[in-house]
Number of protein chains: 2
Amino acid sequence: MVRGNVRLADVARAAGVSQGTASNVFSRPEVVREEVRERVLKVARDLGYGGPDIKGRLLRAGRVNAIGVAAVEPLTYFFDDPWARTLMTAIGEVCDASGTGIAVVSAMNEERLAWNINSALVDGFILLCVEGGERLVELTRQRQLPFIALALGIEDETIPALGIDNICGAAAAARHLLELGHRNIAILSIGDVDGLVGQIAPERVDQEMDATPRDRIHGYWQALAEYGLSREAVPIEGTLHDRPSTLRAMEALFSSDTPPTAILAMSDKVAIYAMQWLTERGLKVPEDVSIIGFDGVPEAATSLPRLTTVAQPFAEIARRSVTAILENALPENHEALDLELVVRDSTAPPRAD
Amino acid sequence: MVRGNVRLADVARAAGVSQGTASNVFSRPEVVREEVRERVLKVARDLGYGGPDIKGRLLRAGRVNAIGVAAVEPLTYFFDDPWARTLMTAIGEVCDASGTGIAVVSAMNEERLAWNINSALVDGFILLCVEGGERLVELTRQRQLPFIALALGIEDETIPALGIDNICGAAAAARHLLELGHRNIAILSIGDVDGLVGQIAPERVDQEMDATPRDRIHGYWQALAEYGLSREAVPIEGTLHDRPSTLRAMEALFSSDTPPTAILAMSDKVAIYAMQWLTERGLKVPEDVSIIGFDGVPEAATSLPRLTTVAQPFAEIARRSVTAILENALPENHEALDLELVVRDSTAPPRAD
DNA sequence: TCCTTATTTTGAATCGATTCAAAATAAACG
DNA sequence: CGTTTATTTTGAATCGATTCAAAATAAGGA
């Protein structure tokens, strides 16, 4: 039951009509006389013709009606990382409305015959640039299709990109803890560089960190400074944005003489791991330790306790990106959207004692 | 910066070589003399030619290197439904290993120009048939591409399908509760028919239910019978597999004179909603009420308490499905894989009193 | 019946590459 | 230097449809 080798031309010949008419029967049935249409359809059925092959149509039409979402991550990333998943859900919503399909593309695999940036059959790309952004953009440029980069921390203004205001968002998070009265605060940072685990000295932030975590730290610092806290007074523990390194970071933070009363986590994922570590250690959130996340993924609303966080405008990001691709109206320069502080149950004033 | 309108033929002409040679420069560079290759590449660069257009190549080669995963659900389903997501993650893992791409396809949208089953550029389909299975299979058949149906509850043996042994799995779940000593048990069923919410009489199960929930109920009944419990003694509450209807079902169940001491939930998703309802009502799991889920999604391992469940062999399902599509070695008949009881913290013996 | 207008149908061109038998060129050898 | 063999290059056919100007046919009006 493999695809029959019957072509439109065969049907046309067998039905005694021109190929043009046969084509019309399938793609613009209203223009062909009913009697002819019926005959052609019958012949097609008899021959086992399954309708116009999409590949032929595509070559002519040039448009696929699908967008690719690419990241320098394995395919599993799109379905299990909370941030990616939330964004994909938002993108799915927009695509549903416009009848657009989604192809997920992993840019890790460079093999010739593999499905990758230059073989994906799509009308354009949305790039998730959390890591390896430059390379991803470079690869995509070659393809000469419209694309828009999300979460790109790159200065190059010629790249169409849509971002969030990490500095303001992070500052809002820190300010929230400070307003509650916390003064002994620690930062849980995220990154993919092995060197950036364990305690990170302030001067390394600008030298070694990717743009996104760097900006967030600057946002934190900004608010901390408003309350007279120096950079040195706030330890930064680096994680690899996964469970093991987060648990190790918590271990380090809480083996200090003066463990923090509040934690600024740079993602909800890390925040939730941290909460789990605290709960297992018998420390109560928010009574013993307050914690605030970043991103605003759905898990943050259902965790126990529900996580206070700074939410990204996922729906807005998705809407703008998809529209930009489909209408080929790419932003001329980098836009940064605002985040929103969402106060839930994981933050409270520090214990009186 | 739209895709340049430079074609391979233009490059060939400008470089003074035949189109065949130009093609070889890109797709089989080793056969063309270095000097010529360099010249052609230079010309290509100067003209702004971005390499062979994938659409042309496709038409010739016929193979896309991507599989489609389709469901009669919106696109968001693939990224936020726990079961779908877990399966997609498993499929992603297999595809990563073989350099295969994934396109997600919603079969809800029937519009002409929308991306759907017959316009998706893929080498084959994996169908998630939780609902509307027949229609989905029907649509896919027309496309004449290899496909395999998952979670299909259809008798038609001519459809290549891979399933799980719902009856045995459900029986194992029920047996677990019975062995713990529970005798007052309720079933939380799932479905998409509005008529099947609220209490469902046993005789309606065979008449109105889809195959998957029906089989699970039969599995439950089978184990219950082993312990002398009649069908009538075990209330079935129907849900639409979402939060509101699950909460309503719980409400109904626990407003009875003799509320259940244990719940057989037909999916982890519903089980988790039910646990939330119980927790909010001050009922402790598993001390006051035991609950067992179905599916074995990751959320079940991180919920509080961690959910006892019957786990599907997702990795195995994914491996077999993807291989079947890529190698066009579709199973001749329905296969049913075994499930595994995973005992965690949401089940315990009933209270002594 | 003849002319005009509306509706259908035709057939060749086109989309952008790959493929492969045959021709051309280069290298190797006695 | 002439043959034989190996390496490159050519050019036309092919993949499977859509498109559109032009031709054919049908319908309407006087």
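Remember, predicted model here, so these are calculated numbers, not experimental data. Chain letters run A, B, ... following the sequence lines, proteins first and then strands; every chain starts at 1.
- In this entry the distance linking CZ of A:F26 with P of D:dA17 reads 9 Å, nearest Å.
- For B:S23, no side-chain nitrogen or oxygen approaches OP1 or OP2 of C:dA17 to under 4.0 Å.
- The separation between A:R37 atom CZ and C:dT8 atom C1' is 12 Å, rounded to whole Å.
- Straight-line distance from the CZ atom of B:R13 to the P atom of D:dT10: 14 Å, rounded to whole Å.
- Closest-nucleotide positions on DNA chain C for B:A22 and A:E30 were compared, and the one nearer the 5' end corresponds to A:E30.
- Rounded to 10 degrees, the angle separating the terminal axes of the helix from C:dT1-D:dA30 to C:dG30-D:dC1 is 40°, with each axis obtained from five end pairs.
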Criterion side chain to side chain contact (heavy atoms under 4.5 Å, CB included) on A:R37 and A:V40, from CA distance to verdict: CA-CA 5 Å; A:R37 195 189 331 146; A:V40 173; over 6 Å; no
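- Rounded to an integer number of Å, the gap from A:E34 CD to C:dT9 C1' is 17 Å.
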Counting only pairs under 3.5 Å, give me each side-chain donor-acceptor contact of residues 86-93 of chain A, with atom names and distances, residues two or more places apart or in other chains.
from: A:T86; atom 1: OG1; to: A:P82; atom 2: O; distance (Å): 2.6
from: A:T89; atom 1: OG1; to: A:R85; atom 2: O; distance (Å): 2.7

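- Going from atom CZ of B:R28 over to atom P of D:dT9 covers 12 Å, rounded to whole Å.
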Candidate pair B:R320 and B:E316, rule salt bridge (charged side-chain N to carboxylate O under 4.0 Å, His left out), full reasoning: CA-CA 6 Å; B:R320 291 214 205 187; B:E316 177 76 4; 2.9 Å; yes
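- A donor-acceptor pair under 3.5 Å links the side-chain atoms of B:R143 to the main chain of B:A120, judged by distance alone.
- Of the residues near DNA chain D, A:R33 and B:V36, the one whose nearest nucleotide (by heavy atom distance) lies more toward the 5' end is B:V36.
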List, with names and distances, any nitrogen or oxygen atoms from the protein found under 3.5 Å away from nitrogen or oxygen atoms belonging to nucleotides 11-16 of chain C.
from: C:dT14; atom 1: O2; to: A:R60; atom 2: NE; distance (Å): 3.1
from: C:dG16; atom 1: N2; to: B:G56; atom 2: O; distance (Å): 3.3

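- When all heavy atoms of A:N118 and A:N116 are compared, the closest pair comes out as ND2-OD1, 2.8 Å.
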Evaluation steps, side chain to side chain contact (heavy atoms under 4.5 Å, CB included), between A:I164 and A:I317: CA-CA 9 Å; A:I164 51 170; A:I317 294 174; 4.0 Å; yes
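- Smallest separation of non-hydrogen atoms from A:F78 and A:V105: CZ-O, 3.5 Å.
- The interatomic distance linking B:N24 (CG) with D:dT9 (C1') rounds to 9 Å, in whole Å.
- The OG1 atom of B:T21 sits 10.0 Å away from the CZ atom of B:R33 when rounded to the nearest 0.5 Å.
- Remark: the B:S23 side chain and the B:R60 side chain contain no N/O donor-acceptor pair separated by less than 3.5 Å.
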